[in-house]
J.: 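This structure is in structure tokens; I'll ask about it shortly.
Chain A is the first sequence line, chain B the second, and so forth, proteins listed ahead of strands; every chain is numbered from 1. Note that these values count all heavy atoms, side chains included, but never hydrogens, waters or copies made by symmetry.
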Protein chains: 2
Amino acid sequence: MTTERLQGAIDTLKNTKVRMTPQRHAILEYLFESMTHPTADEIYKALEGQFPNMSVATVYNNLRVFKDVGIVKELTYGDASSRFDCVTTEHYHVICNECGKIVDFEYPGIDEVESLAAHVTGFEVETHRMEIYGKCQPCAEQTTKH
Amino acid sequence: MTTERLQGAIDTLKNTKVRMTPQRHAILEYLFESMTHPTADEIYKALEGQFPNMSVATVYNNLRVFKDVGIVKELTYGDASSRFDCVTTEHYHVICNECGKIVDFEYPGIDEVESLAAHVTGFEVETHRMEIYGKCQPCAEQTTKH
DNA sequence: TTCTTACTTTATAACCTTTATAAAATAGTG
DNA sequence: CACTATTTTATAAAGGTTATAAAGTAAGAA
């Protein structure tokens, strides 16, 4: 399942003349296996054992390459580090304000917002972004008991 | 109109025991008069004439104070600088990918997303964020002609 | 009005994420 | 196997934001 999608990503790269390197393979593998939307630094730290000499720049460079090719999405949150999400189906994120956990969430109904916004503002609308913030169940429980 | 809202903000601060300083007053005034959702640096530069010795830290500190009190909202966009929006009614933003222009946009219909997300994920949902990205009319025209 | 004190401002340095640079290494083609 | 354009590495630097400590000041009390 994840290996299939990983293979698909590797094929996509091959088709766009992006060279496969051990570092790239490892970063991809980590992205597709982890369900946690990791930050660049988390990826870097996770692969330290495998690639003691890998540079942070390599992680950032490759994440950008993956993003340009369209197999990875960057999730930006102000000051904090970006998180990276290997693209599958369209989905939104529900984010815990306490622990930062990110949960995927499907909701197909919002696309009409784009056409309305285009109509009202005159923009050529391309995309939208939506996130939902709150407290995940474990964090909510911890707050309740004192 | 804007002066009324400004006065309201000042009153809010007084009620929360936040001291009024000339710098604070000027930052607030600038925020309420400008319709551009300025960055901290833009505010800093705009007030340079009035306060030649003001420190950037003052701008950041006060924006945080205003945010905590609830009279200002921070809009975060990854690497780029945060923008600050004096809170009025609930609204969304339509953002130009070319020139960065931000246009306000009302759309009351999305609140049901929150309850659905709460139901599906078990989160205690608090807020959501949505933005629409595209090309504003002037930028779209510039791209078309060559 | 003046005093007092806690809150603010200033100036500066530091932090953190991300990007630029140039030299060394290497993937993939012929 | 050799060639070359692409990657990696190591390092420095950029850019936004925050921490710190000393100096200044708002606002209530006397």
Side-chain angles (χ1 to χ4, degrees), chain A residues 9-30 37-69 71-84 100, chain B residues 9-30 37-69 71-84 100:
Chain A
I10 293 172
D11 293 346
T12 304
L13 287 176
K14 192 165 283 172
N15 292 338
T16 43
K17 318 276 183 210
V18 174
R19 290 186 184 167
M20 188 47 52
T21 67
Q23 293 88 339
R24 277 185 182 154
H25 196 281
I27 293 170
L28 274 180
E29 205 167 354
Y30 184 78
H37 312 290
T39 64
D41 196 60
E42 279 165 12
I43 297 170
Y44 175 66
K45 290 221 167 62
L47 302 180
E48 227 169 20
Q50 249 182 97
F51 299 92
N53 296 321
M54 186 167 63
S55 163
V56 235
T58 300
V59 177
Y60 279 102
N61 287 339
N62 287 327
L63 287 170
R64 188 167 8 156
V65 170
F66 299 160
K67 212 174 59 172
D68 291 346
V69 172
I71 60 185
V72 156
K73 251 190 199 157
E74 182 173 3
L75 316 172
T76 60
Y77 304 108
D79 290 354
S81 306
S82 289
R83 297 189 159 274
F84 295 87
Chain B
I10 293 172
D11 292 347
T12 304
L13 287 176
K14 193 165 280 172
N15 292 337
T16 44
K17 317 274 182 213
V18 174
R19 291 185 184 169
M20 186 47 52
T21 67
Q23 293 89 337
R24 276 185 183 156
H25 196 280
I27 294 171
L28 275 181
E29 206 168 351
Y30 184 78
H37 312 291
T39 64
D41 197 59
E42 281 165 10
I43 297 170
Y44 175 64
K45 290 223 167 61
L47 302 181
E48 227 168 20
Q50 249 181 98
F51 298 92
N53 295 321
M54 185 167 63
S55 163
V56 236
T58 300
V59 177
Y60 279 102
N61 286 340
N62 287 326
L63 287 170
R64 188 167 9 158
V65 170
F66 299 160
K67 212 174 61 173
D68 291 347
V69 172
I71 60 184
V72 156
K73 250 189 199 156
E74 182 174 4
L75 315 172
T76 60
Y77 304 106
D79 290 355
S81 305
S82 289
R83 298 189 159 273
F84 295 86

J.: Strictly below 4.0 Å, heavy-atom distances to any atom of DNA chain D: list the hits from residues 21-30 of chain B, or just say none.
T.: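 Correct list: B:P22.
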J.: To the nearest angstrom, how far is B:M20 atom CE from C:dT8 atom P?
T.: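 Interatomic distance, CE of B:M20 to P of C:dT8: 10 Å.
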J.: Which whole-number value in Å describes the distance from A:L13 CG to D:dT6 C1'?
T.: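 Going from A:L13 (CG) to D:dT6 (C1'), I get 14 Å.
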J.: Would you say B:Y60 places a side-chain N or O within less than 4.0 Å of OP1 or OP2 belonging to D:dT18?
T.: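 No, no such contact exists.
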J.: Tell me the interatomic distance from B:I43, atom CD1, to C:dT9, atom C1', rounded to whole angstroms.
T.: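 It works out to 17 Å between those atoms.
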J.: Strictly distance-based, threshold 3.5 Å: is any side-chain N or O of A:R24 a donor or acceptor partner for the main-chain N or O of A:N62?
T.: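 Flag not set: sc A:R24 to bb A:N62 has no pair under 3.5 Å.
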J.: Side chain of B:A57: nearest nucleotide among C:dG28, D:dT8, C:dA11?
T.: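 Looking only at side-chain atoms, B:A57 lies closest to C:dA11.
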J.: Is A:V18 touching bases, backbone alone, or none of the nucleic acid, heavy atoms closer than 4.0 Å?
T.: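 Sugar-phosphate contact only - A:V18 comes under 4.0 Å of backbone atoms but never of a base.
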J.: Between C1' on D:dG16 and CG on B:L75, what's the gap in Å once rounded to a whole number?
T.: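 Taking CG of B:L75 and C1' of D:dG16, I get 16 Å after rounding.
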J.: Can you measure A:M54 atom CE to D:dT11 atom P for me and round it to whole angstrom units?
T.: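 Distance, rounded to whole Å: 16 Å.
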J.: Taking atom CD of B:E29 and atom CG of B:L47, what is their separation to the nearest 0.5 Å?
T.: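 With rounding to 0.5 Å, CD (B:E29) is 9.0 Å from CG (B:L47).
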J.: Under 4.0 Å between a side-chain N/O of A:S55 and OP1 or OP2 of D:dA10, yes or no?
T.: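 No.
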J.: Nearest heavy atom decides the nucleotide; on that basis, is B:R19 or B:A40 closer to the 5' end of DNA chain D?
T.: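 Upstream on the strand: B:A40.
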J.: Look up atom OG1 in B:T39 and atom CD in B:E42, then write down how far apart they are to the nearest 0.5 Å.
T.: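 It is 3.5 Å, given to the nearest 0.5 Å.
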J.: Contact class for A:N62 (heavy atom, under 4.0 Å): base, sugar-phosphate, or nothing?
T.: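 Sugar-phosphate: the residue A:N62, judged by heavy atoms under 4.0 Å, touches backbone atoms but no base.
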J.: Once you round it to whole Å, what is the distance between P of D:dA27 and NZ of B:K14?
T.: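 The distance from NZ of B:K14 to P of D:dA27 comes to 7 Å, rounded to the nearest Å.
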J.: Report the distance from atom CG of A:D41 to atom C1' of C:dT18, rounded to the nearest whole Å.
T.: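 After rounding, the gap between these two atoms is 11 Å.
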J.: Could you go step by step and tell me if B:F66 and B:L13 meet the side-chain contact (heavy atoms from CB on, under 4.5 Å) rule?
T.: CA-CA 8 Å; B:F66 299 160; B:L13 287 176; 3.8 Å; yes
J.: Write down the distance between OH (A:Y44) and P (C:dT19), rounded to a whole number of angstrom.
T.: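 Spelled out: OH on A:Y44 to P on C:dT19 is 16 Å.
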J.: With nearest nucleotide decided by heavy atoms, which residue, B:N61 or B:S81, maps closer to the 5′ end of DNA chain D?
T.: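 Final value for this comparison: B:S81.
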J.: Is there side-chain contact between A:T21 and A:T58, with at least one heavy-atom pair below 4.5 Å?
T.: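 A:T21 does not reach A:T58 side chain to side chain.
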J.: Within the structure provided, determine whether B:E74 and B:L63 are in side-chain contact (heavy-atom separation under 4.5 Å).
T.: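 Answer no - side chains too far apart.
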J.: Inspect the contact between B:R64 and B:D68 and indicate whether a charged nitrogen and a carboxylate oxygen are less than 4.0 angstrom apart.
T.: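 A salt bridge is absent here (no side-chain N lies under 4.0 Å from a carboxylate O).
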J.: Should B:T39 be listed as having a side-chain N or O under 4.0 Å from OP1 or OP2 of D:dG16?
T.: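 No, because none of the side-chain N or O atoms of B:T39 sits under 4.0 Å from OP1 or OP2 of D:dG16.
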